Amino acid sequence: PDKKITLVSFAYDATEGFSIPLDHPESRVNLTEILPVLREVLATVPIVCHNYLKAEGAWATMKLGVTPILDYDTMLASFVLQMKTCRHGLKEQSQKHLGWSDWSRKLEAYVFGLPAGQRSYRNAPLDMIGPYAAIDPAASMGLRAAYESRINDGGMAPTLALLHRA
């Protein structure tokens, strides 16, 4: 309950994303102004993400009081395509299907180098965590493109649609 959303991030496609710092010491965002806009966006614009139930869906519902509209969950798509044959994390899937390197290493090294009680993304410099967070939604968009035709061609679209509705 005491945890807060450090940043929110969005992407239009697999080439570029952006992040907005919320609960971060370097943030200059006026939360009174941005939170109603953010709630409106999440309540009206369907999202593509990786692991909706754990991340975007749960956090937005719990912390912002709005349940985002799910358009496509790339983690569910990964399970439909590959079942138990591999790891389904965003970084692993982006490496496998998009050829991307793991963009979290520098940030994780920084955070895990902090004293035990301070190990939080909130304590990473904004110029480090901002770009990291912006890559996640772009990766989700890229994975959707990589998965969609395989799921449709393999006749698995009804299974994924059922999981998205669950």
Side-chain angles (χ1 to χ4, degrees), residues 3-24 26-29 34-35 37-64 66-82 86-112 120-153 156-157 160-161 163-164:
K3 292 186 177 181
K4 297 181 180 179
I5 299 174
T6 304
L7 293 103
V8 293
S9 52
F10 301 92
Y12 295 106
D13 58 32
T15 62
E16 189 173 0
F18 65 93
S19 61
I20 302 169
L22 298 180
D23 183 48
H24 190 278
E26 296 175 52
S27 176
R28 290 184 244 139
V29 171
I34 195 74
L35 289 180
V37 174
L38 182 57
R39 286 184 186 104
E40 177 70 21
V41 168
L42 292 173
T44 58
V45 178
I47 64 170
V48 175
C49 62
H50 195 83
N51 204 356
Y52 174 84
L53 290 175
K54 180 181 173 189
E56 287 82 355
W59 276 89
T61 301
M62 183 172 40
K63 300 297 182 179
L64 300 174
V66 62
T67 302
I69 302 166
L70 176 63
D71 180 39
Y72 200 91
D73 186 329
T74 55
M75 179 172 260
L76 291 177
S78 176
F79 275 103
V80 168
L81 278 172
Q82 302 163 113
C86 64
R87 295 183 56 144
H88 299 278
L90 181 62
K91 277 66 171 182
E92 293 91 345
Q93 289 298 303
S94 296
Q95 289 172 340
K96 181 177 180 177
H97 296 285
L98 305 176
W100 292 13
S101 61
D102 184 346
W103 58 95
S104 66
R105 289 185 182 149
K106 181 179 176 184
L107 176 62
E108 288 177 2
Y110 180 88
V111 170
F112 287 107
S120 167
Y121 287 155
R122 184 182 186 282
N123 294 325
L126 194 53
D127 65 354
M128 183 182 292
I129 192 171
Y132 160 84
I135 294 171
D136 281 1
S140 294
M141 297 295 281
L143 288 174
R144 178 187 188 158
Y147 294 157
E148 215 161 27
S149 63
R150 291 178 53 207
I151 285 176
N152 291 336
D153 294 347
M156 296 175 273
L160 182 58
L163 291 171
H164 280 151

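Remember, predicted model here, so these are calculated numbers, not experimental data.
To the nearest 0.5 angstrom, L7 atom CG is 6.5 Å from L22 atom CG. In this structure, the separation between CG on L126 and CD on E26 is 5.0 Å, given to the nearest 0.5 Å. With rounding to the nearest 0.5 angstrom, the CG atom of L143 is 11.5 Å from the CD atom of E148. Atom CG in L64 sits 6.5 Å away from atom CG in L42 (nearest 0.5 Å). Interatomic distance, CZ of R122 versus CD1 of I129, reported as 10.5 Å (0.5 Å rounding). Distance check, rounded to the nearest 0.5 Å: CD1 of I69 to OG1 of T44 gives 6.5 Å.
Here Y110 pairs with nothing under the ring pair (Phe, Tyr, Trp, His ring centres under 6.0 Å) rule; sequence neighbours left out. For E108, the side chain to side chain contact (heavy atoms under 4.5 Å, CB included) partners are S104, F112, Y121, not counting sequence neighbours.
Of all heavy-atom pairs between A134 and P137, the closest is O-CD, 3.3 Å. The minimum heavy-atom distance linking V111 with S120 is given by the pair CG1-N, 3.7 Å. The heavy-atom pair separating P21 from S19 by the smallest distance is CD-O, 4.0 Å. Between R105 and Q95, the shortest heavy-atom distance links the atoms NH2-NE2, 4.3 Å. Taking every heavy atom of both residues into account, T61 and P68 meet most closely at OG1-CD, 4.3 Å.
Taking 4.5 Å as the limit, every side-chain heavy atom of L76 sits out of range of all side-chain heavy atoms of Y147. The shortest distance between side-chain heavy atoms of Y132 and K106 does not fall below 4.5 Å.
Using a distance-only test at 3.5 Å, with no hydrogens or angles considered, a donor-acceptor pair links the side chain of S9 to the main chain of A133. Side chain of H24 to main chain of A124: a donor-acceptor pair is present (N/O by atom type, distance under 3.5 Å, no hydrogens or angles). Side-chain atoms of S140 never come within 3.5 Å of backbone atoms of V48 as a donor-acceptor pair (strictly under, hydrogens ignored).
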Given side chain to side chain contact (heavy atoms under 4.5 Å, CB included), test H164 with Y52 step by step and report yes or no. CA-CA 9 Å; H164 280 151; Y52 174 84; over 6 Å; no
Run the side chain to side chain contact (heavy atoms under 4.5 Å, CB included) test on I135 and W100 for me, step by step, so that the C-alpha distance in whole Å, both residues' side-chain angles and the decisive distance to 0.1 Å come before the verdict. CA-CA 11 Å; I135 294 171; W100 292 13; 3.8 Å; yes
Apply side chain to side chain contact (heavy atoms under 4.5 Å, CB included) to the pair D136 and W103, showing each step before the final yes or no. CA-CA 9 Å; D136 281 1; W103 58 95; 2.9 Å; yes
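Enclosure of atom CD in E16 is not indicated, since only 12 or fewer non-hydrogen atoms of other residues, nucleotides or ligands lie within 6.0 angstrom.
F18 and Y12 have tilted rings, their planes meeting at an angle from 30° to 60° on a 0 to 90° scale.
Applying the side-chain hydrogen bond (donor to acceptor under 3.5 Å, both in side chains) test to pairs two or more places apart or on separate chains, those with a residue in residues 71-80 are H50-T74, D71-R144, S78-Q82, S78-H88, S78-Q93.
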